[in-house]
Student: 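Here it is, the structure, as structure tokens.
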Amino acid sequence: QVQLVESGGGLVQAGGSLRLSCAASGRTFSIYGMGWFRQAPGKEREFVSRISWRRSSTYYTDSVKGRFTISRDNAKNTVYLQMNSLKPEDTAVYYCAADIHGYTIVASEYDYWGQGTQVTVSS
């Protein structure tokens with residue numbers, strides 16, 4: 001089992017920055033990759049970014065490229081999402097997720113999920 005806990009969400013003005021953290025515990029050696037997803041009310045859960053757990057290969061959805069950066073600290077079992085130049089349309093609950101099988105950006109194929117952290121961007 002893997003447990004994930006997100007933190008770092010909050011309320012910021014447009015153009016501001018936030019850094020989200022996701023701390024993993026349990027059988028972290030089984031993690032293949034970590035991803036960030038977000039979900040706004042009434043909308044489907046959307047893929048945001050992904051990083052390989054043992055290497056630094058990354059992938060981003062087009063809407064956040066150039067603004068968001070995913071990174072990880074294996075020694076601390078933590079993945080981060082640095083969010084810069086935030087826009088009101090970034091407002092959502094952000095979830096981190098872990099997969100133990102292979103590369104994917106599909107939410108239903110991830111194995112473990114955190115509880116989510118709210119990000120609100122005002123105009």
Side-chain angles (χ1 to χ4, degrees):
Q1 293 275 51
V2 175
Q3 295 80 43
L4 305 174
V5 179
E6 302 101 330
S7 62
L11 173 64
V12 298
Q13 297 180 6
S17 298
L18 283 174
R19 188 178 75 159
L20 306 183
S21 299
C22 178
S25 60
R27 305 187 74 178
T28 57
F29 59 85
S30 67
I31 296 174
Y32 186 91
M34 296 284 290
W36 286 98
F37 294 78
R38 63 188 182 186
Q39 188 167 20
K43 295 186 177 181
E44 296 293 325
R45 189 164 297 188
E46 176 190 21
F47 169 80
V48 177
S49 185
R50 176 183 171 86
I51 188 169
S52 171
W53 191 244
R54 295 187 176 184
R55 298 191 178 190
S56 298
S57 57
T58 60
Y59 182 76
Y60 301 88
T61 193
D62 287 345
S63 63
V64 307
K65 286 181 179 178
R67 300 189 297 120
F68 291 9
T69 302
I70 190 170
S71 62
R72 53 122 176 86
D73 186 337
N74 287 15
K76 297 181 179 180
N77 293 320
T78 301
V79 65
Y80 305 94
L81 185 67
Q82 178 67 46
M83 305 186 296
N84 298 326
S85 301
L86 283 163
K87 305 174 181 180
E89 50 263 45
D90 295 318
T91 296
V93 176
Y94 283 69
Y95 299 89
C96 70
D99 76 273
I100 63 174
H101 296 108
Y103 178 84
T104 183
I105 62 171
V106 180
S108 63
E109 296 180 357
Y110 278 71
D111 300 287
Y112 303 99
W113 292 85
Q115 82 288 350
T117 185
Q118 177 70 49
V119 172
T120 302
V121 184
S122 62
S123 300

Student: Look at the side chain of Ser85 and the backbone N and O of Arg67, then say whether any donor-acceptor pair between them is shorter than 3.5 Å.
Tutor: no
Student: Grouping I, L, V, M, F, W and Y whenever their side-chain heavy atoms are under 4.5 Å apart, do Tyr80 and Met34 come out in a common cluster?
Tutor: no
Student: Walk me through whether Tyr110 and Phe37 qualify under ring pair (Phe, Tyr, Trp, His ring centres under 6.0 Å).
Tutor: CA-CA 11 Å; Tyr110 278 71; Phe37 294 78; 5.1 Å; yes
Student: Decide whether Trp113 and Tyr103 are clustered together by the hydrophobic rule: side chain heavy atoms of Ile, Leu, Val, Met, Phe, Trp, Tyr closer than 4.5 Å, transitively.
Tutor: yes
Student: Is there side-chain contact between Ile51 and Val79, with heavy atoms separated by less than 4.5 Å?
Tutor: yes
Student: Is there a side-chain contact between Glu6 and Trp36 in this structure, where contact means two heavy atoms from C-beta onward sitting under 4.5 Å apart?
Tutor: yes
Student: Mind checking whether Val2 and Phe29 have side chains closer than 4.5 Å, heavy atoms only?
Tutor: no
Student: Would you say Ser30's side chain and Arg27's backbone share a donor-acceptor pair under 3.5 angstrom?
Tutor: yes
Student: With the side chain counted from C-beta on, respond yes when Leu18 and Gln82 share a heavy-atom pair under 4.5 Å apart, and no when they do not.
Tutor: no
Student: For Asp73 and Thr78, test the side chains for any donor-to-acceptor distance below 3.5 angstrom and give the result as yes or no.
Tutor: no
Student: Quick one: is the NZ or CZ of Arg38 closer than 6.0 Å to the six-membered ring centre of Tyr94, and within 45° of its axis?
Tutor: no
Student: Around atom CD of Gln1, are there more than 12 heavy atoms of other residues, nucleotides or ligands at under 6.0 Å?
Tutor: no
Student: Could you go step by step and tell me if Met83 and Asp90 meet the side-chain contact (heavy atoms from CB on, under 4.5 Å) rule?
Tutor: CA-CA 10 Å; Met83 305 186 296; Asp90 295 318; over 6 Å; no
Student: Compute the centroid of each ring, for Phe47 and then for Tyr59, and state whether the two points are separated by less than 6.0 Å.
Tutor: yes
Student: Taking the side chain as everything from C-beta on, heavy atoms only, tell me whether His101 gets closer than 4.5 Å to Glu109.
Tutor: no
Student: Just checking, Arg45 and Tyr95: is the charged tip under 6.0 Å from the six-membered ring centre and within 45° of the axis?
Tutor: yes
Student: Ion pair present between Asp62 and Lys65, side-chain N to carboxylate O less than 4.0 angstrom?
Tutor: yes
Student: Would you say Ser56 and Arg72 are linked by a side-chain donor-acceptor pair, where the criterion is simply a distance under 3.5 Å?
Tutor: yes
Student: Indicate if Leu4 and Trp53 have the same hydrophobic cluster label, given that clusters are the connected sets of ILVMFWY residues with side-chain heavy-atom separations under 4.5 angstrom.
Tutor: yes
Student: Could you check Asn84 against Ser17 for side-chain hydrogen bond (donor to acceptor under 3.5 Å, both in side chains), going step by step and ending with a plain yes or no?
Tutor: CA-CA 4 Å; Asn84 298 326; Ser17 298; 2.9 Å; yes
Student: Closest approach of Gly9 and Val119, non-hydrogen atoms and distance?
Tutor: CA-CG2, 4.2 Å
Student: Are Tyr60 and Thr69 side-chain neighbours, meaning at least one heavy-atom pair lies under 4.5 Å?
Tutor: yes
Student: Yes or no on side-chain contact (heavy atoms from CB on, under 4.5 Å) for Leu20 and Thr117, after CA distance, side-chain angles and deciding distance?
Tutor: CA-CA 8 Å; Leu20 306 183; Thr117 185; 4.0 Å; yes
Student: Got a second to check how far Asn77's CG is from Ser25's OG, nearest 0.5 Å?
Tutor: 8.0 Å
Student: Give the intermediate values and the outcome of side-chain contact (heavy atoms from CB on, under 4.5 Å) for residues Thr61 and Phe68.
Tutor: CA-CA 10 Å; Thr61 193; Phe68 291 9; over 6 Å; no
Student: Evaluate Leu11 against Gln118 for side-chain contact (heavy atoms from CB on, under 4.5 Å), listing each step before the verdict.
Tutor: CA-CA 8 Å; Leu11 173 64; Gln118 177 70 49; over 6 Å; no
Student: Side-chain contact, heavy-atom cut-off 4.5 Å: Ser63 with Glu46?
Tutor: yes
Student: Just wondering, are more than 12 heavy atoms of other shown residues or ligands nearer than 6.0 Å to CD in Glu44?
Tutor: no
